[in-house]
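Read through the structure below, which is laid out as structure tokens, and then see the notes.
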Amino acid sequence: VIRLRLVFAALAAAAGLLAAPAVALACNGWSEPDMETQLMCIVCHERLDQSSSAFSTRVRHHLDGWCRAGWSADRVRQTLVSQFGEEILAAPPKRGFDLLAWLVPGAVLAGGVVVAGGLASVWSRRRRGPPGPRPAPIDPSLDARIDADLAGFE
Amino acid sequence: VRLTLQAGAVLLLAVMIGLFARSLAQDRTTVYALVKDGQTPTAPELSLPRLVGSGTASLSSLRGRIVLVNFWASWCDACKTEAPLFNQVLARYGAQGVRVLGVDTSDFAADGRGFARTYDQRYALVHDSGGVTRRWGIGTGLPVTYVVDRRGKVVHLFDGVVTGNALASVLRPLLRGPA
């Protein structure tokens, strides 16, 4: 009986885990907590999920209604932008002049890598320095004497 | 190579300083900042769609009158106490050329219309999606009311709820002035 209970408990837990994403995305492919992270309180300039202002409370109320009405995430965002401008979005849209906000950090990072690489190359070349003088060739008579001495040791 | 890198770094720094200076300059040129600074700037044009009904309402059409430009929103509790006051102001001083222009801002237009019905706002109401409010400025929050004189100059700013006495003390000298 205990084993059977354990099996049922495990099945119930698995069903709960499977159902969780469905609950979270109950709003036609989006969830209210996730949408709140994508929006700003335009009055207090905090992210909506971190704001308790009257404005944020009002937006949450509307999100709840739109979720129940089955609105898509795009429709929600477009409606909010048409009411409040792009200021309402936590991240700038990936088009027009705002695209720069996405491209510039990458470009700066790439530029930084190029600068660091260039500087590393310049410094390593300076440390290595010019090649030293080649050793002078050994005198053949000295070479023969060394060979003879070494043969004496064997 | 080194010279190119140095030139690029200097250019990047100059661009960043330029953008920062531009943002500072924009912040300081709002009507709110200028009036707080003791200046009486010319009121920027304000032409927005009416909140109730169709068409637009503009500040320029009220030139020659004393205009109270009141920025409000339906979610703003303090704005609820102001609505009846502005109705009274209009009833009392309207014949002397005082007008009220309510700008519903940072708000859903439908919520604003509901508020207008509930609080029986009898003055001109417009809805702003953000552009006009950014140009005028609302400081730390709503409500904010600007007083524009007959010459179109912003002569006073109420940062927060307006009371009858405070409003009367600002309006009286303006009403005594040249019409």
State whether the side chain of A:Q83 and the backbone N or O of B:A109 hold a donor-acceptor pair below 3.5 Å, judged by distance alone.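 The answer is yes, because a donor-acceptor pair under 3.5 Å joins these two groups.
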
Given heavy-atom pairs under 4.5 angstrom as the criterion, report whether the side chain, backbone, both or neither of B:D111 touches chain A.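 Just the side chain, heavy atoms under 4.5 Å.
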
How long is the straight-line distance from CZ of B:F108 back to CG of A:L80, given to the nearest 0.5 Å?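 Reported to 0.5 Å precision, the distance equals 5.0 Å.
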
Value rounded to 0.5 Å, distance of NE2 in A:H61 from CH2 in B:W75: 15.5 Å

Following the transitive rule for hydrophobic clusters with a side-chain heavy-atom cut-off under 4.5 Å over Ile, Leu, Val, Met, Phe, Trp and Tyr, establish whether [X] and [Y] coincide in one cluster.
X      : Y      : answer
B:V148 : B:L85  : no
A:M40  : A:V81  : no
B:L101 : B:F158 : no
B:L90  : B:V103 : no
B:I66  : B:W136 : no

Return each pair, listed once, that meets disulfide (SG to SG under 2.5 Å) where at least one residue sits in residues 59-93 of chain B; pairs must be two or more places apart or across chains. B:C76-B:C79

For residues A:S82 and B:S129, report the shortest heavy-atom separation together with the two atoms involved. O-OG, 3.6 Å

Quick check: are there more than 12 heavy atoms from other residues, nucleotides or ligands sitting under 6.0 Å from CG of B:D37? yes

When B:D128, B:T140, B:D107 are compared by non-hydrogen pairs under 4.5 Å with chain A, the top option: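 Top option by heavy-atom pairs under 4.5 Å: B:D107.
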
Mind checking which of residues 44-59 of chain A sit less than 4.5 Å from chain B, heavy atom to heavy atom? A:A54, A:F55, A:R58, A:V59

Less than 4.5 Å apart, any side-chain heavy atom of B:T105 and any of A:F84?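 The answer is no, as the side chains (C-beta and beyond) never meet within the 4.5 Å cut-off.
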
All salt bridge (charged side-chain N to carboxylate O under 4.0 Å, His left out) counterparts of A:R75, not counting sequence neighbours: none

Who are the side-chain contact (heavy atoms from CB on, under 4.5 Å) partners of A:L142, not counting sequence neighbours? A:I138, A:D139, A:I146

